[in-house]
Each structure stands twice: as structure tokens, then as C-alpha cells.
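Right, one structure below, let's go through it.
Note that the structure is predicted; figures quoted are calculated from it, not measured.
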Amino acid sequence: MGGAACIIPGVLLEERLAPMPRKKSLLDKLLGRRRYDKPVYSDFGDKTFIEVPPGDLPRKLTARFKEYLSERLDKKWPATESFFEYLFPCVGFSVTDVFLRGEKTAEVTQWYVQISFSACAGMADVSALLASHWAEIWVKNDFAYISENILKPEGFTASDQLEPFDGAVRYVPVGTGTFSVYAAFYPAADADNTSEFEIDCAWLEQHDDEDELMLDLRNKLEPVMADGQCRCQLCMPQYAMINTRQI
């Protein structure tokens, strides 16, 4: 998996497709030049994909997302603390990218803002999924502010009809009371299949007995998760974590 995303559909103003002057660097000023950013069009079959310069969307959306989570989660669970280390690293690259995109067919162009979260080359698949889940919760609860103060100034009128990136997944903290991470729970699709748990490979690969660890999670948590409810800190802040093996 390459990551996960929160998709905000909407409508883009036509003038937003015009070339946009890029902020001048020191070299631009010395050379007396003016550079422009403009949309990139790529044809794939019967569709044209349009990549529009996002302007100030990446900075503003990322900052607002962090502000929202910090206000909602002033007393973080250990699993949430671990997750924040992935989502908002103090050093290194950012796992969050923001794109302004369109998909054009002969009939219509579908515009959307895409907030993407990296799976870090497959080492943080669960964290990327959880990030998209929390971003969807944030956008729904903070939609009026996001729409009026962040998206509209960039020429984008958002729709509040979000589609979950993966609505079947539920989340639950695993580990001990002092250190834990989030696991993703995939309910069985039907009687012929079994439910599955998954944790980030970054943590799982530290154990020589991966199969035994995952069996312990299943034995302790499958009955708990059978009700289909998500037990992340945003969805069920009252959840009292069941201690499993040290992650």
C-alpha cells in the first residue's frame, strides 16, 4: 500500500487554472525574473488528470488539522502519542501532502482536494489509514471553517459529501498501559472469511515471534471488536484499553 488519503470533492473556479506567479526567491530578484506555476495535464485513456498548483493549501490545512487534533486530544493515550510521532515528526520529512486535482472526461470534470498520508514504504500502513480516518472526522466536524477560510480563498468550493477512504476498518490501541500503538481491525466480510488485525511493520518487525504476537491480539481483542465500533481516541475516548503483549 502506498498510503491513504482524505478526499474533499468540490468545484474549482475557472480562473484558478490560469498561471500563478510564484513567490520570488532571492535568485529571482537578482536576475529580475518572474516565474509562474500552472496546471499540469496528463492523459490516461479516456480521462485527463489535472494537477493544479495548490497555493497555500498545504500549509493552512496541515496547520489546522494539527490544531484540531491538539484541542480534541489534550490528554493523549500512549497509542495516540506514538501515532503523533508519525503524523507530526519533529525532524525529517513530512508524511502529509496536499494536492488540488481534477479528473476530466468528455462529460464532466471532477475536482477535489486530496490530503495524502505516506505509508513510509510500507512500514506505516496502519498509521496512514488512521491519519485518513482522523482527517475525515476533522473535515466533517470543522467543515464550515475549512470551507470558508481555507478552501474558498483558493478558489475551491467544497462539498461536505466525503467518501471514507476505507470505511470498513476499525482501530484499537494495543500494547501495555505505558506504551502502545494502534492496530487496524478488518471485520470478516462474510461467514466464509475471518477477521484480521494489522499493526505497522515498523513495530511488528521488531519481534521474532510475529505470528504469536498477532494470535495474542486476536484472542484478546476479536470478541471486543465484534460489535463493529471503532476504538480510536477520537471515536471512543472513554475506551479502557485491554493490555496485550508489549509492542
Between [X] and [Y], is there shared hydrophobic-cluster membership here, with clusters defined by ILVMFWY side-chain heavy atoms closer than 4.5 Å?
{"X": "Val108", "Y": "Ile50", "answer": "no"}
{"X": "Phe44", "Y": "Phe99", "answer": "no"}
{"X": "Val224", "Y": "Met214", "answer": "yes"}
{"X": "Leu73", "Y": "Phe83", "answer": "yes"}
{"X": "Tyr41", "Y": "Leu12", "answer": "yes"}

Taking the inter-plane angle between the rings of [X] and [Y] on a 0 to 90° scale, is it parallel (under 30°), tilted (30 to 60°) or perpendicular (over 60°)?
{"X": "Trp77", "Y": "Tyr239", "answer": "tilted"}
{"X": "Phe117", "Y": "Phe65", "answer": "tilted"}
{"X": "Trp134", "Y": "Phe84", "answer": "perpendicular"}

Between [atom1] on residue [X] and [atom2] on residue [Y], distance to nearest 0.5 Å:
{"X": "Ile150", "Y": "Asp56", "atom1": "CD1", "atom2": "CG", "result": "9.5 Å"}
{"X": "Ile146", "Y": "Lys140", "atom1": "CD1", "atom2": "NZ", "result": "12.5 Å"}
{"X": "Cys230", "Y": "Leu130", "atom1": "SG", "atom2": "CG", "result": "7.5 Å"}
{"X": "Ile8", "Y": "Glu163", "atom1": "CD1", "atom2": "CD", "result": "13.0 Å"}
{"X": "Phe197", "Y": "Tyr171", "atom1": "CZ", "atom2": "OH", "result": "13.0 Å"}
{"X": "Leu87", "Y": "Thr96", "atom1": "CG", "atom2": "OG1", "result": "5.0 Å"}

Quick one: are [X] and [Y] in side-chain contact, heavy atoms under 4.5 Å?
{"X": "Leu215", "Y": "Asp211", "value": "no"}
{"X": "Thr157", "Y": "Lys152", "value": "yes"}
{"X": "Trp138", "Y": "Leu234", "value": "no"}
{"X": "Met241", "Y": "Pro78", "value": "no"}
{"X": "Leu57", "Y": "Leu151", "value": "yes"}
{"X": "Glu205", "Y": "Met123", "value": "yes"}
{"X": "Leu213", "Y": "Ile199", "value": "yes"}
{"X": "Tyr86", "Y": "Val126", "value": "no"}

Does any N or O in the side chain of [X] come within less than 3.5 Å of the main-chain N or O of [Y], such that one atom is a donor and the other an acceptor?
{"X": "Asp200", "Y": "Asp125", "answer": "yes"}
{"X": "Ser180", "Y": "Ala79", "answer": "yes"}
{"X": "Arg231", "Y": "Met236", "answer": "no"}
{"X": "Arg170", "Y": "Gly167", "answer": "yes"}
{"X": "Ser70", "Y": "Glu67", "answer": "no"}

Would you sort out whether Phe185 and Val169 count as a side chain to side chain contact (heavy atoms under 4.5 Å, CB included), showing the intermediate values? CA-CA 6 Å; Phe185 173 71; Val169 187; over 6 Å; no

CA sep, side-chain torsions, deciding dist, call: Ser195, Glu222, side chain to side chain contact (heavy atoms under 4.5 Å, CB included): CA-CA 8 Å; Ser195 58; Glu222 191 169 37; 2.2 Å; yes

Residue Asn219 excluded, over 12 heavy atoms near CG under 6.0 Å: yes

Taking atom NZ of Lys76 as the centre, does the number of heavy atoms from other residues, nucleotides or ligands within less than 6.0 Å exceed 12?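 Counting neighbours around NZ of Lys76, more than 12 heavy atoms of other residues, nucleotides or ligands fall under 6.0 Å, so yes.
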
Tell me the salt bridge (charged side-chain N to carboxylate O under 4.0 Å, His left out) pairs involving residues 2-24, sequence neighbours left out? Arg16-Glu154, Arg22-Asp37

Which pairs count as salt bridge (charged side-chain N to carboxylate O under 4.0 Å, His left out) when at least one residue sits in residues 88-107, sequence neighbours excluded?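 Salt bridge (charged side-chain N to carboxylate O under 4.0 Å, His left out) check on residues 88-107 returns Lys47-Glu103, Glu51-Arg101.
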
Decide side chain to side chain contact (heavy atoms under 4.5 Å, CB included) for Leu69 and Thr80; before the verdict, give the C-alpha distance in whole Å, the side-chain angles of both, and the deciding distance to 0.1 Å. CA-CA 10 Å; Leu69 292 181; Thr80 301; over 6 Å; no

Considering only Ile, Leu, Val, Met, Phe, Trp and Tyr, and joining two whenever side-chain heavy atoms are under 4.5 Å apart, list the other residues clustered with Tyr112.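 So far as hydrophobic clustering goes, Tyr112 is joined with Ile7.
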
Would you say the ring centroid of Trp203 lies under 6.0 angstrom from that of Phe179? yes

For Ala158 and Phe143, which heavy atoms make the closest approach, and how far apart are they?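 Result for this residue pair: O-CZ, 3.6 Å.
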
Between Ser116 and Gln114, a side-chain donor and acceptor under 3.5 Å: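 Checked: Ser116/Gln114 side chains pair up, N/O donor to acceptor below 3.5 Å.
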
Where do Val113 and Leu61 land on the side chain to side chain contact (heavy atoms under 4.5 Å, CB included) test, with the steps shown first? CA-CA 10 Å; Val113 171; Leu61 286 172; 4.0 Å; yes

